[in-house]
Amino acid sequence: MSDSAIHTAQLTKTYHGARGIIDLDLRVEAGDVFGFLGPNGAGKTTTIRLLLDHIRPTSGRASIFGMDCRRDSVEIHRIVGYLPSEFALWDDLTGAQTLEYFANLRGRVDRDFIRTLAHRFDLDLSRRFREYSRGNKQKIGIIQAFMHRPRLLILDEPTGGLDPFNQQEFHRLVMDAREVGATIFLSSHIFGEVERVCTRVGIVRDGRLVRVAQLAELVTERARTLELTFNTTVDPAVFADLANIQKIHVQGNVIRLTLLGDLGPVLQRAGTYSLVNVVTQEPTLEDAFMTYYIPAP
């Protein structure tokens, strides 16, 4: 298979006849920050477990940087930082002892970098794991994933339990990792988070990959709303011949348009009348996601 950061070919996992993931053909290039989107049960975590050889595929293949995910799993684990969506560690160990244990397993981990990460997240490493809040336990998970400066980070719902300040710090940490060449594969339910840090996204539905696209491309394909306010009544028919107009709604001196693509022709036409105000509502990643996941009525 290729030397892409992640490459799968017809990757399939079934559980006693039940669907897990089906014929997944996915390629994530080195340096990508890739968002993997789908609701619970869509197949996101199954995909991650297959990549890490935690479970074996029913059929198909997967590779990380050209290494087979089954045959070369030990070498792959050396260059991957992984944060599962749920994890349990040793209650009686302190945060420092927990991270020291992982550092010894990995080898060649810079302890100063561990302390820097703990400082960034304002985490007291002297406390025992059982004494940590949900958010502080999540910080331990994040630090152990990043501390060896991996080539690939696989992060499953990474900001669960974090307050907004620490969510922002996590986003900065992802960008820092990308700047030094790391690839990030991020599964998340938080659309704002994906929009903030990801360059490309894949949408998985019922175990199948239904779309992969640049984030900007996916969002701009959706319709936006443009509200035009005039100081006199304007006949909405003046916009009816524009090809990218989908809907027109009129309320007094306000015309609300739903349109795809470039705003230029609409604004040029509106500018020939007594235009007072323009308000645009841009589409979001959530809008795009719902198009692929929720069937049309």
Side-chain angles (χ1 to χ4, degrees), residues 1-15 19-36 38 42-89 98-110 113-114 141-158 173-174 176-188 198-202 204 207-209 212:
M1 300 182 75
S2 76
D3 289 342
S4 299
I6 295 173
H7 185 197
T8 70
Q10 296 184 306
L11 189 65
T12 298
K13 177 65 178 179
T14 58
Y15 299 94
R19 182 266 308 153
I21 198 80
I22 303 169
D23 292 334
L24 182 71
D25 291 324
L26 176 65
R27 190 186 299 270
V28 177
E29 300 301 338
D32 272 355
V33 181
F34 188 90
F36 200 46
K44 304 187 306 298
T45 298
T46 294
T47 301
I48 289 172
R49 290 174 177 170
L50 289 167
L51 292 173
L52 294 169
D53 198 40
H54 292 171
I55 56 176
R56 294 291 173 86
T58 304
S59 59
R61 297 181 298 160
S63 68
I64 288 177
F65 292 112
M67 295 179 287
D68 184 86
C69 288
R70 291 184 60 182
R71 185 182 61 247
D72 304 313
S73 62
V74 173
E75 181 59 31
I76 285 172
H77 286 185
R78 291 193 181 103
I79 63 171
V80 170
Y82 170 50
L83 175 63
S85 59
E86 296 180 5
F87 59 90
L89 296 174
T98 301
L99 294 173
E100 181 67 17
Y101 173 79
F102 283 116
N104 288 334
L105 283 179
R106 291 197 171 279
R108 299 181 180 179
V109 174
D110 181 355
F113 187 52
I114 293 177
I142 291 170
I143 292 171
Q144 67 79 29
F146 280 81
M147 67 183 186
H148 57 298
R149 296 184 173 95
R151 291 178 64 190
L152 171 65
L153 284 147
I154 297 179
L155 309 170
D156 196 357
E157 303 295 339
L173 187 59
V174 167
D176 290 348
R178 185 190 179 197
E179 286 178 4
V180 296
T183 305
I184 295 94
F185 185 85
L186 187 151
S187 169
S188 178
C198 292
T199 52
R200 298 173 67 233
V201 295
V204 61
R208 295 184 182 274
L209 189 67
V212 175

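Atom OH of Y101 has 12 or fewer neighbouring heavy atoms from other residues, nucleotides or ligands inside a 6.0 Å radius. The environment of CZ in R49 is sparse: at most 12 heavy-atom neighbours from other residues, nucleotides or ligands sit within 6.0 Å.
Under a 3.5 Å cut-off, the side chain of D68 and the backbone N or O of S63 do not form any donor-acceptor pair. Between the side chain of T8 and the backbone N or O of L24, at least one donor-acceptor pair lies under 3.5 Å. Looking at H77, its side chain does come within 3.5 Å of a backbone N or O of L52 through a donor-acceptor pair. Not a single donor-acceptor pair under 3.5 Å links the side chain of T14 to the backbone N or O of R19. No donor-acceptor distance shorter than 3.5 angstrom exists from the side chain of S4 to the backbone of E29, with no hydrogens or angles considered.
The CD1 atom of I184 lies 11.5 Å from the CD1 atom of I154; values are rounded to the nearest 0.5 Å. Once rounded to the nearest 0.5 Å, the distance linking CD1 of I114 with NE2 of H148 reads 11.0 Å. With values rounded to the nearest 0.5 angstrom, L186 atom CG is found 12.5 Å from D32 atom CG. Remark: N104 CG to L99 CG distance equals 11.0 Å, nearest 0.5 Å. In this structure, L83 CG and D156 CG are separated by 7.5 Å, a value rounded to the nearest 0.5 Å.
Here the shortest heavy-atom pairing between L11 and P57 reads CD1-CB, 3.8 Å. Scanning both residues, T12 and D23, for their nearest heavy atoms gives OG1-N, 2.9 Å. Between Q144 and R106, the shortest heavy-atom distance links the atoms O-NE, 4.5 Å. The nearest pair of heavy atoms linking C198 to F34 is SG-C, 4.0 Å. When all heavy atoms of I76 and C69 are compared, the closest pair comes out as CD1-CA, 3.7 Å. The two residues L155 and A145 come nearest to each other via the heavy atoms CD2-CB, 4.3 Å.
Looking at heavy atoms from C-beta onward, L209 lies out of side-chain contact with D25 at the 4.5 angstrom threshold. Counting heavy atoms from C-beta outward, E157 and K44 have side chains that approach closer than 4.5 Å.
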Q | Worked verdict on V204 versus T47 for side chain to side chain contact (heavy atoms under 4.5 Å, CB included) | A | CA-CA 10 Å; V204 61; T47 301; 5.9 Å; no
Q: Apply the test side chain to side chain contact (heavy atoms under 4.5 Å, CB included) to residues R149 and V180: give CA-CA distance (whole Å), side-chain angles for both, the deciding distance (0.1 Å), then the verdict.
A: CA-CA 9 Å; R149 296 184 173 95; V180 296; over 6 Å; no
Q: Take L26 and F185, measure what side chain to side chain contact (heavy atoms under 4.5 Å, CB included) needs, and give me the verdict at the end.
A: CA-CA 12 Å; L26 176 65; F185 185 85; 4.0 Å; yes
Q: Could you walk me through whether F36 and V28 pass the side chain to side chain contact (heavy atoms under 4.5 Å, CB included) test, one step at a time?
A: CA-CA 11 Å; F36 200 46; V28 177; over 6 Å; no
